[in-house]
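Data first, discussion second: the structure below is written as structure tokens.
In what follows, every chain begins at residue 1, and chains take the letters A, B, ... in the order their sequences are listed. Since this is a predicted model, take the numbers as computed values, not measurements.
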Protein chains: 2
Amino acid sequence: MSDTRAKLLDAAARTVSTDGLAAASARAIAARAQVNQALVFYHFGTVAELVEAASRQRVADSVEHYRERFGAITTLSELLALGRELHERERAAGNVALMAQLMSGGQHDPVLARAARHAMDCWTAEVQAVLTRVLASSPLADVLDLAGLARAITAGFIGLELVEGVDPAGATAALAALERLGLLVEVVNDLGAVGRRALRAKLRNRR
Amino acid sequence: MSDTRAKLLDAAARTVSTDGLAAASARAIAARAQVNQALVFYHFGTVAELVEAASRQRVADSVEHYRERFGAITTLSELLALGRELHERERAAGNVALMAQLMSGGQHDPVLARAARHAMDCWTAEVQAVLTRVLASSPLADVLDLAGLARAITAGFIGLELVEGVDPAGATAALAALERLGLLVEVVNDLGAVGRRALRAKLRNRR
DNA sequence: GTCTATAAGATGATAGAC
DNA sequence: GTCTATCATCTTATAGAC
């Protein structure tokens, strides 16, 4: 890949994650890449397509980086611990902010929507695979919809990032509360047969 | 309040929620309000301040509309049912989309950040009050941080809206998974003394 | 592939008439 | 309070020289 393309991709991702989508004009990105503004359109057609390509690259790199770590997870509490670490690292790298901007921009731009969907799908697939493995013999697997839960977790990371940006203290409180909720899941998980019976009964009741 | 101000407030809220913050220029809002563009600046100073005022009005109206409904809630499952209804109604009214746009815009604009914080604070206060009342005698109240949990729930609504915009099927799956998780909370809640003991033990273990 | 120059238009905001 | 007119600035995108 040409040097210019690489510089633009990196500059696009950095501009969106640090200054937001609204500030990510062709000129702003090109300036950060120290490249002529017209090259954005020569190489990528439109600004949105450049941002999409940049997002795909970031997601591919990040998921790759965590693949073997995910593979080594065997228990629910290990997964929660890795989730904490991953959230912190990806946040610091600006990748969560990038996804959040894509999600909001994607509400009214089909190219950005495609980028947001792709990013969510990549992370969701990883999370779902680990959840399925870790909860294979748990009573929770019968009751929880792991595909949906994986997606809710990915969405939760993005939601927390947005809250963090406007109310840091609130985001910290929310994250702490969710970790307490994780504890609750572990409790039911540890209940084994008792928990399984209680869950099934509840489920029958509800239908 | 003058007719023009009211028309601008309504038009601003509608423009942001249907077309997004990026399309909410002074001209676009004024056109929807059928009012001269210069009046945006005469009445509100800047576009961001108009959007903030519009958001505050919407939030005040919505919270007021649900106040007595919230007050009538006595059980956890009633609360979950009202949450479903509220989410659906507020979504349809565009108020969740409005909040989502404020959150993402607020990442880099202090005025929008203030509006987003205010909206979150209003809803969080309502949710927390109900949670505290409903879980007063539950083993969950000891373990969960209700203030943080209320904030996480508000953030979750916004996150779901963003996912819905880029991947409707995924959002539906995520919501269904979260309702299953709510079931799980109910199970522990119903366990009474047994659940309380298990939760406390788990909490001790973790520290 | 890269550059300059420029078209064609939108934007926030203001001055000043009424 | 409301209007018109306007400024200065920004935007995407392209044409054409090198």
Side-chain angles (χ1 to χ4, degrees), chain A residues 1-55 57 101-102 104-115, chain B residues 1-55 57 101-102 104-115:
Chain A
M1 183 167 59
S2 83
D3 188 46
T4 299
R5 278 183 70 94
K7 280 199 277 188
L8 279 172
L9 286 170
D10 183 58
R14 292 229 311 278
T15 303
V16 173
S17 65
T18 63
D19 301 335
L21 208 51
S25 67
R27 282 175 158 80
I29 294 171
R32 171 161 276 162
Q34 290 180 292
V35 146
N36 190 286
Q37 169 258 157
L39 295 175
V40 166
F41 304 99
Y42 174 78
H43 284 290
F44 297 95
T46 66
V47 175
E49 286 169 303
L50 163 55
V51 171
E52 185 193 10
S55 160
Q57 201 192 42
Q101 291 290 313
L102 287 181
S104 100
Q107 304 293 308
H108 303 95
D109 180 323
V111 175
L112 297 181
R114 197 171 56 199
Chain B
M1 184 168 55
S2 83
D3 188 46
T4 299
R5 278 184 69 94
K7 280 199 277 188
L8 279 172
L9 286 170
D10 183 57
R14 293 228 312 277
T15 303
V16 173
S17 65
T18 64
D19 301 335
L21 208 52
S25 66
R27 284 173 163 82
I29 294 171
R32 171 161 276 160
Q34 291 180 293
V35 147
N36 190 284
Q37 170 258 153
L39 295 175
V40 167
F41 304 99
Y42 175 78
H43 284 289
F44 298 96
T46 67
V47 175
E49 284 169 304
L50 163 56
V51 171
E52 185 194 10
S55 160
Q57 202 192 42
Q101 292 290 314
L102 286 182
S104 101
Q107 304 294 307
H108 303 96
D109 180 323
V111 175
L112 297 180
R114 197 172 54 199

Closest listed nucleotide, where the reference is the side chain of B:Phe41 and the choices are C:dT14, C:dG1, D:dA13: C:dT14
Touch class at under 4.0 angstrom, heavy-atom based, for A:Val40 against every strand present: nothing
Closest-nucleotide 5' rank along DNA chain C - winner of B:Ala22 and B:Ala38: B:Ala22
Most 5' of A:His43 and B:Ala48 on DNA chain C, judged by nearest nucleotide: A:His43
Atom-pair distance (CD1 on B:Ile29; P on C:dA13), nearest Å: 12 Å
Heavy-atom closest pair, residues A:Glu52 and A:Ala115: CG-CB, 3.5 Å
4.5 Å side-chain heavy-atom contact, A:Gln101 and B:Gln107: yes
Nearest non-hydrogen partners of A:Leu39 and A:Leu8, listed with the distance: O-CD1, 4.0 Å
Donor-acceptor pair, side chain of A:His108 and main chain of B:Thr18, under 3.5 angstrom: yes
Among C:dT2, D:dT2, D:dT6, the one nearest A:Tyr42 by side-chain distance: C:dT2
Spacing of B:Leu39 atom CG relative to C:dA13 atom P, expressed in whole Å: 15 Å
Presence of A:Thr4 side-chain N/O under 4.0 Å of C:dG1 phosphate oxygens OP1/OP2: no
Integer-rounded Å distance: C:dT11 P and B:Asp19 CG: 12 Å
Protein-nucleotide distance (B:Leu112, atom CG; C:dG12, atom C1'), rounded to Å: 14 Å
Rounded distance in Å - CG (B:Asn36) to C1' (D:dT2): 7 Å
Touch class at under 4.0 angstrom, heavy-atom based, for A:Val35 against every strand present: nothing
Selection from D:dC3, C:dA5, C:dT11 that lies nearest to any side-chain heavy atom of A:Gln37: C:dA5
Whole-Å gap separating P (D:dC7) and CZ (B:Arg27): 14 Å
Flag for A:Thr46-A:Glu49: side-chain donor and acceptor within less than 3.5 Å: yes
B:Ser25 vs C:dA10: side-chain N/O to OP1/OP2 distance below 4.0 Å: no
A:Ser2 side chain, from C-beta outward: closest of C:dG1, C:dA13, C:dC3: C:dG1
